[in-house]
Amino acid sequence: MANKSSSGARSPLSLVVAVALCCFFYVLGAWQRSGYGKGDRIAAAVNRQTACGGPDAAAAGLSFETHHGGDAAAATANASAAAAAAAGTAPEFAPCAAALVDHTPCHDQDRAMKFPRKNMVYRERHCPADGERLRCLVPAPPGYVTPFPWPKSRDYVPFANAPYKSLTVEKAVQNWVQYEGTVFRFPGGGTQFPQGADKYIDRLGSVVPFAGGHVRTVLDTGCGVASLGAYLDSRGVIAMSFAPRDSHEAQVQFALERGVPAFIGVLGSVKLPFPPRSFDMAHCSRCLIPWGGNGGMYMMEIDRVLRPGGYWVLSGPPINWKTNHKAWERTEADLAAEQQRIEEYAAMLCWEKVTEINEVGIWRKRPDPAAACPNRPAVRTCDEANPDDVWYKNMETCITPPAGAGAGELLPFPARLGAVPPRISSGAVPGFTAESYAEENRRWERHVAAYKKVNYKLSSERYRNIMDMNAGVGGFAAAIFSPKAWVMNVVPTAAELSTLGVVYERGLIGMYHDWCEAFSTYPRTYDLIHANGIFTLYKDRCKMEDILLEMDRILRPEGTVILRDDVEMLLKVQRTAKGMRWKTLMANHEDSPNIREKVLFAVKRYWTAAGEGSASEEQKNTGSSPEGKGSED
């Protein structure tokens, strides 16, 4: 018979072991359920709330709808709805002065006047020093409303969003824009096409193959209100338009309010923020760029960004000067000499002049850049140790050599969107093969599918102007592609790989930028901003709050932000966003809650300069702080 003490009592050692095992499995289970800390507790709650799709995200306090549309009632209805729920410990960012509703930090008019006028240097980017940087929230103008959906926005812009009438007077004969009560109407005219951009594009289309997707990306220099780009859109062509912030007040702002890709810029002394061989066509419609000056430097810059076989269209002076010299108020000798210089520089670049129709001249870059150019005069070849290194680099009077690795024939669009780009297939982008490129695209398709479970509006016309702050090879833009939207694919200058050339070879658009500085755009110009790993990339380069304030500046009221990054970084972002009048929700990685990478969704609340939705009004009406209802700590 067994001894009682051996059958009924347990030794102290066995009890210790049992307790230890219980504690171990409890901790293990908790870890498996919660992932990596505080952010995952938040994410688990969000995942439960959004398990059945986007409408449940709204129930959790985050709405992706707009509540301030074009009608007057909607524009005055929601002052109390944006009230805050709980005060946070993060610092509150005060509103900027009402006079700064159109603040463009790197294109400030007063600062510009301190720089030389030669080569338009004063119209280039000149950013404030760190100590001069404003750290406040740029307000919307009183009465601001959500822009009309595309394609109505092409033709109509609410007056309150950009209340500047000067162009309606200065360009009345040219049919740029007309003021009609509470809206501006854009008839589609331009300096060289007062009868409308459609008819003008038809004329160009007799030479330039817009049909069939052969010409997909266009650079419009000195774009005005970007009517060329607005009307090319319906033909499956996407134009990157730019113009300076000058006496023609708000021309780029009008373009972006219309839903047309544009940025503030000028062809001056520094290179354009694009890699070589980006565009299928470049266009100038009386853009006032001195093409015949500076030893052909500006035409050489166009040659750099133009693809082999691409077209250059020059509309206006000096083309057809014999007929128009009196209307242009210039002498025949002056115009003849200018055209002669342009023809000589075109020959130097081995461009073929295809035609001259009335006031429009069209040249074509050689399809085979390696072919002999027997009549080319002696001209210096640019040093191309790193041809993609263009940020703040001076233009030179030299010819960009033809591409070695990375050149290749592009498929027509939209086939080129999913095809392997020549820069990938040739091995010009380190670390990428055709297989890894395909996997990268599949990864972004999974990410975007997960985004749509939280924000069902991603599949609608809700977002027209979209920005990806760290675009990589354009996977996000390709996954979200729609003819109703466009994406500004930004490749940061801090990125390990220069992939913007791949983005353009897909038939998408974008530019280089350093996110330690302000972007070259007006406030409130993007409906949706996406950023993958941007705060980790810049954590040792500049302040997180400065990047967030810049995002807030360029995001429209009730616009959406989707941030993908490490959970610890996103928790810091979330705390800062509490002081910026953003509503936020954290979500797990779609593959597993145990992955450190998380997604932070945010919506910018509606408020205007000393008006509806302002912090003072909300606190007066609700007695609460200006925090979004979806914000969690």
Side-chain angles (χ1 to χ4, degrees), residues 103-108 111-112 115 121 123-135 138 240 242 244-245 252 261-276 278 301 304-305 385-395 466-474 476-477 487-504 509-523 525-526 529-555 561 563-565 569 573 576:
H103 179 51
T104 52
C106 295
H107 300 275
D108 179 77
R111 187 182 301 109
F115 290 87
V121 168
R123 294 298 186 196
E124 294 181 326
R125 289 175 56 85
H126 302 291
C127 301
D130 188 61
E132 300 173 348
R133 193 163 185 162
L134 295 180
R135 290 187 169 89
V138 175
M240 176 73 89
F242 71 87
R245 181 167 186 176
V252 168
F263 68 98
I264 303 171
V266 65
L267 206 56
S269 67
V270 299
K271 294 180 179 181
L272 295 170
F274 313 115
S278 293
E301 178 64 359
R304 183 183 71 82
V305 301
N386 184 2
D388 292 342
D389 184 18
V390 299
W391 186 247
Y392 286 135
K393 296 296 190 297
N394 289 330
M395 277 188 278
I466 301 174
M467 173 180 282
D468 191 357
M469 294 176 66
N470 188 12
V473 295
F476 169 78
V487 179
M488 178 70 81
N489 292 279
V490 178
V491 173
T493 56
E496 182 180 354
L497 294 177
S498 179
T499 53
L500 191 55
V502 173
V503 170
Y504 273 95
I509 59 169
M511 59 194 295
Y512 295 115
H513 183 66
D514 180 0
W515 285 112
C516 290
E517 300 178 357
F519 196 71
S520 290
T521 191
Y522 283 82
T525 47
Y526 286 89
I529 297 176
H530 176 265
N532 175 42
I534 199 73
F535 295 101
T536 294
L537 179 64
Y538 277 93
K539 66 179 180 179
D540 297 323
R541 291 181 168 90
C542 47
K543 296 178 181 178
M544 178 188 70
E545 54 266 33
D546 285 339
I547 298 177
L548 283 167
L549 287 170
E550 176 60 8
M551 293 170 66
D552 184 83
R553 185 184 73 88
I554 67 179
L555 185 66
V561 175
L563 303 176
R564 193 173 201 96
D565 216 316
M569 189 62 69
V573 169
T576 303

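The basis for the numbers below is simple: all heavy atoms, side chains too, and nothing from hydrogens, waters or symmetry mates.
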[Y] and [X], any side-chain heavy atoms less than 4.5 Å apart:
X: Asp565; Y: Val573; answer: no
X: Arg553; Y: Pro105; answer: yes
X: Asn489; Y: Val491; answer: no
X: Leu267; Y: Met395; answer: yes
X: His126; Y: Val121; answer: yes
X: Asp514; Y: Tyr538; answer: yes
X: Cys516; Y: Ile547; answer: no
X: His530; Y: Met469; answer: no

To the nearest 0.5 Å, how far apart are [atom1] in [X] and [atom2] in [Y]?
X: Glu132; Y: Asp108; atom1: CD; atom2: CG; result: 9.5 Å
X: Glu550; Y: Cys106; atom1: CD; atom2: SG; result: 7.5 Å
X: Thr493; Y: Leu537; atom1: OG1; atom2: CG; result: 8.5 Å
X: Trp515; Y: Phe535; atom1: CH2; atom2: CZ; result: 10.0 Å
X: Thr521; Y: Met467; atom1: OG1; atom2: CE; result: 7.0 Å
X: Leu548; Y: Lys543; atom1: CG; atom2: NZ; result: 13.5 Å

Sort out for me which residue in Glu124, Arg245, Arg125 forms a side chain to side chain donor-acceptor pair (under 3.5 Å) with Ser520.
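Filter result, single survivor: Arg125.
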For [X] versus [Y], what's the shortest heavy-atom pair and its separation?
X: Gly474; Y: Val503; answer: N-CG2, 3.9 Å
X: Ala531; Y: Ile534; answer: CB-CG2, 3.7 Å
X: Val252; Y: Ala262; answer: CG1-CB, 4.1 Å
X: Arg304; Y: Pro275; answer: NH1-C, 3.8 Å
X: Thr576; Y: Glu545; answer: CG2-CB, 4.3 Å
X: Ile529; Y: Met551; answer: CD1-O, 3.6 Å

With Leu497, which residues qualify under side chain to side chain contact (heavy atoms under 4.5 Å, CB included), at least two apart?
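Leu497 satisfies side chain to side chain contact (heavy atoms under 4.5 Å, CB included) with Val429, Pro430, Phe432, Thr499 only.
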If the plane angle is over 60° it's perpendicular, under 30° parallel, otherwise tilted; pick one for Phe263 and Phe274.
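Aromatic pair Phe263/Phe274 classed perpendicular.
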Using 30° and 60° as the class boundaries, would you call the ring planes of His513 and Phe519 parallel, tilted or perpendicular?
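It falls in the perpendicular class, over 60°.
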Side chain Tyr504, main chain Gly510, donor-acceptor under 3.5 Å
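Side chain of Tyr504 to backbone of Gly510: a pair is present.
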Do side-chain atoms of Thr536 reach the backbone of Gly533 as a donor and acceptor pair under 3.5 angstrom?
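The answer is no, because no donor-acceptor pair under 3.5 Å joins these two groups.
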Non-neighbouring partners of Asp130 that pass salt bridge (charged side-chain N to carboxylate O under 4.0 Å, His left out), sequence neighbours left out:
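With sequence neighbours excluded, Asp130 shows a salt bridge (charged side-chain N to carboxylate O under 4.0 Å, His left out) to Arg135, given in chain and number order.
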Residues that Lys393 engages under salt bridge (charged side-chain N to carboxylate O under 4.0 Å, His left out), provided they are two or more places apart
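Asp389.
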